[in-house]
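The block underneath contains the structure these notes are about, expressed in structure tokens.
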2 protein chains.
Amino acid sequence: MLCTLTFLSAAAPAAKRPSMAEVLAASSPADWRPLDLDNTLYVEVPAGRVIIEMTPRFAPLHVANIKTLARARYFDALSIIRVQDNYVVQWGDPENRHPLPAGIGEVEPEFDAPAPAQMPFTRLPDGDVYAPEVGFSDGFPAARSATLHRAWLAHCYGMVGVGRDLNVRSGSGAELYVVIGHAPRHLDRNVALVGRVVKGMELLSGLPRGGAEMGFYTKTEAALPIKSIRVAADVPAAERSNLEVIRTDSAAFAALIESRRNRPEDFFQVAAGHIDLCNVPIAVREQRR
Amino acid sequence: MLCTLTFLSAAAPAAKRPSMAEVLAASSPADWRPLDLDNTLYVEVPAGRVIIEMTPRFAPLHVANIKTLARARYFDALSIIRVQDNYVVQWGDPENRHPLPAGIGEVEPEFDAPAPAQMPFTRLPDGDVYAPEVGFSDGFPAARSATLHRAWLAHCYGMVGVGRDLNVRSGSGAELYVVIGHAPRHLDRNVALVGRVVKGMELLSGLPRGGAEMGFYTKTEAALPIKSIRVAADVPAAERSNLEVIRTDSAAFAALIESRRNRPEDFFQVAAGHIDLCNVPIAVREQRR
């Protein structure tokens with residue numbers, strides 16, 4: 001836990017420790033896994049493709065809904081309706097102009113999930129302000145409580161959540177948001193998170209902020225169209241983005257974390273000695289063949 | 001400290017606790033102070049004015065340099081040269097086309113500062129991953145170590161720092177950056193922070209990300225011009241932005257923190273019970289007369 005650690009340790013001699021680039025260069029193919037194509041979304045916007053990997057482990061009903069919506073082409077021709085600075089980008093159909101496909105309606109809240117012993121969870125020992133325990137579950141930043149026997153995804157930069165109104169069952173998956181600011185961890189356990197953006201964040205985070213309350217676009221601002229959202233497994237192989245993500249239970253990932261916790265680069269006079277969950281980069285790269 | 005607190009406390013009845021909007025509405029004029037005009041910068045970009053308040057308490061030599069540079073009109077016609085997603089926006093003159101004014105050169109590193117007992121410091125009791133103690137010093141997020149007898153500003157969203165190269169004395173103030181992503185707290189104590197953006201963040205954070213290494217703009221990308229940077233005190237009164245900032249040692253600010261630590265709004269099913277230093281909004285508003 002946080003209190004047992006020494007703060008502000010001086011940097012050890014730099015030559016001994018590899019940088020993140022060196023860790024990644026030294027990794028083996030077994031340290032990586034391909035994206036789960038059946039749970040990956042291609043969000044096509046005018047400037048290119050945003051790729052979201054979802055994990056059905058924490059919010060299976062919501063992930064299933066989103067896939068149903070994508071397969072019904074529900075999202076196509078919807079728009080990005082909200083860009084709130086240091087908070088979220090959001091798309092949806094707030095005026096309900098597009099009817100929901102059959103079977104999509106209220107859904108049980110999945111704001112956290114049971115945490116059985118066999119759930120993948122690589123603990124980050126650096127402590128956390130919000131949760132008793134944090135770490136990584138198969139490529140996603142997560143938190144856990146032994147007392148509650150529950151686990152949940154954490155609202156880090158790039159995480160994707162399901163918008164809802166006051167009704168906790170109202171998050172059908174038809175309205176999604178992406179975190180574009182400092183991790184709004186107060187949302188943890190209050191909203192269903194479904195995954196994270198693994199490529200193309202800059203196509204969302206660099207959008208003009210909306211001028212209305214909560215960053216919604218006004219009628220005179222150009223809402224960015226969503227051209228389409230597709231499940232990657234449904235896209236012809238030739239049109240797929242072939243990415244792989246570092247296995248967060250690998251020794252390479254542990255070394256990556258250490259390379260960021262105590263940066264060996266000459267620039268650093270003082271090593272942080274600790275790292276915040278949301279500051280750990282979960283590396284993604286083009287698939288090697 | 002973090003370990004002594006109870007995690008995941010359930011929300012208390014909502015009616016008892018005010019929201020941030022209610023806290024601000026109930027605040028008194030004494031809870032606010034005007035910006036320090038002699039240490040405030042107006043950064044004029046094509047889309048409008050970005051306002052930075054500096055604090056000379058932590059990096060007096062760097063703040064003095066930046067004011068000298070602004071008064072020499074050194075920054076005028078420089079460009080934003082770097083926008084790195086989830087990290088920083090930066091402006092400067094990397095190819096040294098603009099000579100530095102007389103007297104501006106190497107400067108002693110001011111990455112932290114002495115922390116005498118009389119330094120304003122309102123402690124945030126919620127714990128922190130990076131520092132033994134965090135809080136607010138006269139409107140700025142800061143950290144402190146009783147062991148080291150040092151204090152420093154924290155790299156939260158919107159904080160403004162002085163770019164440097166490997167030489168710790170090379171940060172003259174001629175190149176500045178603004179944090180536009182999840183707080184890169186590993187930079188704390190490695191760079192001189194001088195202040196924070198109090199208005200206009202969206203004019204920087206919404207810029208297109210640069211396509212070169214580390215988010216630098218390539219030759220074909222349009223670097224955004226800085227029209228001018230002026231010290232607010234030097235600008236005619238009629239052209240000033242009259243803002244005030246909440247006093248971070250006030251009861252109103254303590255109530256604001258609590259309203260964000262345990263959000264009373266009906267949306268929230270679970271109150272966080274804790275808040276991260278960089279998630280506390282340091283409220284700024286138009287000056288009331």
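Quick note on labels: first sequence line is chain A, next is B, and so on, each numbered from 1. Every heavy atom of this structure was used, including side-chain atoms; hydrogens, water molecules and symmetry mates were not.
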### Query
Highest number of heavy-atom pairs under 4.5 Å with chain A: which of B:Thr147, B:Leu166, B:Asp276?
B:Asp276

### Query
Would you call the rings of B:His182 and A:His182 parallel, tilted or perpendicular, where under 30° means parallel and over 60° means perpendicular?
parallel

### Query
How long is the span from the CD atom in B:Glu265 to the CG atom in A:Asn190, to the nearest 0.5 Å?
11.0 Å

### Task
Side chain from CB out, backbone as N, CA, C, O: work out which of these in B:Val191 comes under 4.5 Å of a heavy atom of chain A, or both, or neither.
side chain

### Query
Considering only heavy atoms, which portion of B:Ile275 lies under 4.5 Å from any heavy atom of chain A: side chain, backbone, both, or neither?
both

### Query
When you look at A:Val168 and B:Gln269, which way does the side-chain contact (heavy atoms from CB on, under 4.5 Å) test go after all the steps?
CA-CA 8 Å; A:Val168 294; B:Gln269 300 293 305; 3.3 Å; yes

### A:Tyr130 side, atom OH; B:Arg261 side, atom CZ - distance, nearest 0.5 Å
10.0 Å

### Query
Which atom pair, heavy atoms only, marks the closest approach of B:Ser205 to A:Asp85?
OG-OD1, 2.5 Å

### Task
Any chance you could measure B:Asp128, atom CG, to A:Asp128, atom CG, to the nearest 0.5 Å?
10.5 Å

## Note on the structure
Bottom line for B:Asn167: the part with an atom under 4.5 Å from chain A's heavy atoms is neither

### Task
Mind listing the closest non-hydrogen atom pair of A:Gly206 and B:Arg209 along with its distance?
CA-NH1, 3.4 Å

#### Entry: Leading residue by heavy atom contact count with chain B [cutoff under 4.5 Å; candidates A:Ala183, A:Gly158, A:Gly181, A:Pro208]
A:Ala183

### Task
Would you check if the side chain of A:Arg164 reaches a backbone N or O of B:Phe267 as a donor-acceptor pair within less than 3.5 Å?
yes

### Task
List the atom of A:Asp126, the atom of B:Val129, and the distance in Å for their closest heavy-atom pair.
O-CG1, 3.8 Å

### Query
What part of B:Val83 is in contact with chain A, defined as an atom under 4.5 angstrom from a non-hydrogen atom: side chain, backbone, both or neither?
neither

### Task
Could you grab the distance from atom CG of A:Asn279 to atom NE2 of B:His186, nearest 0.5 Å is fine?
7.0 Å

